[in-house]
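This report concerns only the one structure given below.
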Amino acid sequence: MTTPLLRVEDLVVEFGPKSAPIRVLEKVNFEMMSGSSIGIVGESGSGKSMTSLAIMRLIPEPAGRVSGRIEFDGRNLLDLPKKEMPRIRGRDIAMIFQEPMSSLNPVMSIGDQIAEGIMLHESMPREKRREKAAELLRLVGMPDPMGRLDSFPHQFSGGMRQRVMIAMAIACNPRLLIADEPTTALDVTIQAQVLQLMKQVRKRLNSSILIISHDLGVIADIAEHVIVMYAGRVIETGDSRSIFRNPTHPYTRGLLDSVPRLKDDRKRLHQIPGSVPLAGMIRQGCPFYARCGLRMDKCQQQMPPMQSVNSTHNAACWVTAPPLDTPRLVVAGEMR
Amino acid sequence: MTALDHGAQQVVAPEPGKFEIVGKIFAGRPATVVAAFVIFAFILIAILAPVIAPYDALAQSFLRINHGPSWQHWLGTDQFGRDVLSRMIYGSRNSMIFGLLAPTLAAIVGTTLGVIAGYFGGIADRVISRVVDMLLAFPELLLAILIAAALGGGFWNIVVVLTVAFVPGFARVARAQTLSVKQEPYVESAIAVGVRTPTIIFRHIVPNIAAPIVVLMTLWTASAIRLEASLSFLGIGTQAPNPSWGNIIRDGLNNLFGSPWPIIGAGLAITCVVLSFNLFGDAVRDVLDPETNQ
Amino acid sequence: MNDVLISARNLGKTFSSASGLLGRKGRDVRAVDGVSFDVHRRETVALVGESGCGKSTLGRLLLRLIEASEGEVHYMGKDLLKLSREQMRAMRKDLQFVFQDPYGSLSPRRTIFEIISEPLEVFSVGKTRSQRRERVAQLLDQVGLSPSFMDRQPRQFSGGQRQRIGIARAIALDPTFIVADEPVSSLDVSVQAQIVNLMQDLQEDKGFSFLFIAHDLSVVRHIADRVAVMYLGRIVEIGPKAMVYDTPHHPYTQALLSAVPEPDPDAKKTQIILEGDVPSPANVPPGCSFHTRCPIVQAVCRRDRPPLLDTGKGQMVACHFAEAHPLTKGEHADLAKTRLQAVGSTGAL
């Protein structure tokens, strides 16, 4: 077996005083093969963005304390000296953020911003850099790429800015592309464009994508493998088809059932009772305990270990998965 | 209805403590604690002046003109033989009263004008903003001298002078804050349920612009004390024979080489109080108005 | 028809950018452009469109939270836009608004009791404080919150709980009409469903009419009776829910429907991916405002603005080719295929 491109092992992120730390990530484990696409899905406070920041080592220190291992291509990124990281960021791992406006420098032309990224990692003459930048813009479907090189971010719409961000991210052919809610700020029709573009880019460059989103639809569209997070913990992981067809953790099931769908004539939406816990609020047991319809006493004391559902699919729940194609469990709230 | 069972029944954040803000102002700031202590001490001195002052601040004596410091007169006497220490103790009353009264009055007037300009806009805004801009074009001291020259000295005139000098600052801050708070969804939501305009202003606008106004008040207390001292020094503030730190320095100049102690004493008092109010104001600002503490 | 509760006629709003010191005129933004529609008693109308389409502005125009530039809003035989400020204020008892932002729309320094009882106080419902407290407790119970929360401040609550508080305030006076401006779009998915269900229950219980504003079509499927789709300040399609979802006539509605990503990796549906961006409302294209992105655009679309016409069954569409394109599912796929080819040939990838 080949070594994974990215292996995250027992990743823990803590904030606050050492005596009473707030753990926003609790032993996150996953690995990612070269060329694959993984989606991390979760609601606010689930730790999904924190995971990506930890991988990029962008968690502010010393306020945040990171422990565990983040192996990229066999090297533990957490052991690297700080000054090594910028060389990895951008060249090996690139990131696309949610808010394209605030991630671009407003007083620098986009051509210069893309070229800057290229320059940091590759030396080439100025004219070549401009050509490369235009080439990248063409690649992300920007009309008239040569002509738009000297435009400034505010002259673009949200969708076009996200295209610029993608162009910048792929400038150095990164091996891993991390996209943190890349389409959340966009309208649906523009989101469809950007998702299509990301799929095309991935196919073309053969890079791996780690996409983070609260939107199960986006994840289903782009990811082959899914990680479901809740309150800083991974509660279910698996092949995308297996997760969406046969969700096993009560939270994943509830979440999938509560998503409004177009082709669905239910009069009422399924609902998960209660609200999403704040990061670090749960110290013991299963984080979903308070909202779960299948809870047992032992869930409160002990976090259930990952149980295998099938060869690619694991879920952290004591309740074993029902076989495929049985009707989904009715979780509390719908019984009335 | 069964909805009750579905709603989250726990609150997310803890109940805020009553003295949380006061605690934050002092937490980890020894200088602020000292400053607050100094301020408190001076306020006590001002209140208790008749009790602690060794002599009558106005009593003149031809036998003791321009004496240096002695056991009887710790800071010596002035050209009329008055006890400088007693004058300083009584003078602190002037400084404190002006320091606290002028910013308060200016805050009331300025906030009213600023909120009117910001909330209603239109002609009211244009008139108020132009006048405020005009007043702001003058340095405070010049403006104060101008008004004092027109009105003459005297307690209430000084209050008017200082208030007018400070109103533009408050009006400008209040207007800017009102403009931004007016855009808040909760103001629109109050309009949507049919709340009347005066209620909206007093209930939803004013409490939410109060923090920067309070910060400005604490910071300008120092300025008011300084300004009163300057005016009195120039002879258009507190009028003789009433004592004020400003006119103690002015009187002390006549005998600068004989006894520098009146000037040193009053100067030190002004420095201490102004510095303390500034330190305290900075701390209040850091806590109440975290966005502007750059 | 007799059971029309509130109706808008040729409602329009132009925001003119503030003239500068030298009186130079900025570009006018046509946010809402001659919109007419009715909301019936006990009906939920969903108003759907992307950012900048004027849906929020339209909702506010109806309740006069923004003053309209032209048009009429009829309610109980009166034109709301002609009422004096004081008359309009009195009308607000019947007409309520639920805001998008559950964090910003609750006054931060007030308690939950003060927030919910404010409309009661304004309209003198409940004579004494204890009567009002009783009413607020009842309202909190109705929206699924514990009455013991009454004396707490909004910042102690989660987004979903705050939205419940906002809803409690909106129903406090038993209104006949509620406009909800994207009430769930800032909430977590698992909480969204709670709020949508809550509003549906309350509506069935209390019988108010409902204008539910949303940015995509998936959220409103469960709650709407009729759906209106807006694009650049105009309604391009409006009709009973089943018709809009099953036989969308306007190419924009079709694209909007196909753009919603479904949480199902096997739903490899042929997507209609619109090219380009929504034009700025400050610079609306002439003719049919959708022609710059329309997959079936013809010369006539660039020239003439299509009127909103009834297709015969209560579904109204503003498209020159609506008759020719009541797409069945098969045709839909065909169209999408040609569209995808077109995208493929222009895109570089």
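Lettering of chains follows the sequences in order, A, B, ..., and the numbering in each one begins at 1.
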Report task. Please collect all ring-ring contact (aromatic ring centres under 6.0 Å, His included) contacts where either partner lies in residues 172-209 of chain C, sequence neighbours excluded, each pair once. Result -> C:Phe208-C:Phe210
**Report entry** Minimum heavy-atom distance between B:Asn208 and C:Ser107, given as atom pair plus value
**Finding:** ND2-OG, 4.1 Å
Query raised in the report: Can you tell me how far the OG atom of B:Ser189 sits from the CG atom of C:Leu106, to the nearest 0.5 Å?
Result: 7.0 Å
Query raised in the report: When heavy-atom pairs shorter than 4.5 Å are enumerated against chain B, which of C:Ala172, C:Pro175, C:Ser105, C:Ser148 gives the highest number?
Result: C:Ser105
Query - Electrostatic pair B:Arg203:C:Glu118 at N-O distance under 4.0 angstrom - result: yes
Report summary line: Cut-off 4.5 Å, heavy atoms of chain B, and the answer for C:Ile115 is neither
Report summary line: If one checks every heavy atom of C:Glu121 against chain B at 4.5 Å, the contacting part turns out to be side chain
Query raised in the report: Going through the distances and angles, do C:Arg92 and B:Val193 end up as a side chain to side chain contact (heavy atoms under 4.5 Å, CB included)?
Result: CA-CA 6 Å; C:Arg92 296 203 183 281; B:Val193 294; over 6 Å; no
Query raised in the report: How about B:Val195 and C:Pro119: do any of their side-chain heavy atoms sit closer than 4.5 Å?
Result: no
Report task. Can you see which heavy atom on B:Gly194 is nearest to which on C:Val122, and at what distance? Result -> O-CG1, 3.1 Å
Report summary line: Bottom line for C:Phe123: the part with an atom under 4.5 Å from chain B's heavy atoms is side chain
**Report entry** Among C:Lys93, C:Arg60, C:Met91, residue most engaged with chain B (heavy-atom pairs, under 4.5 Å)
**Finding:** C:Arg60
Report task. For residues B:Ile191 and C:Arg89, determine if any side-chain heavy atom of one lies less than 4.5 Å from a side-chain heavy atom of the other. Result -> no
**Report entry** C:Arg109 vs B:His204 side-chain heavy atoms within contact, under 4.5 Å
**Finding:** no
Query - Contacting moiety of C:Glu86, where chain B heavy atoms sit under 4.5 Å - result: side chain
Query raised in the report: In this structure, are over 12 heavy atoms from other groups packed under 6.0 Å from C:Lys206 atom NZ?
Result: yes
Query raised in the report: Within a reach of under 6.0 Å around CD of C:Gln131, are more than 12 heavy atoms found that belong to other residues, nucleotides or ligands?
Result: yes
Report task. Could you tell me which portion of C:Arg64 (side chain, backbone, both or neither) has an atom closer than 4.5 angstrom to a non-hydrogen atom of chain B? Result -> neither
**Report entry** Shortest non-hydrogen separation from C:Pro108 to B:Tyr186 and the atoms involved
**Finding:** CD-CE2, 3.5 Å
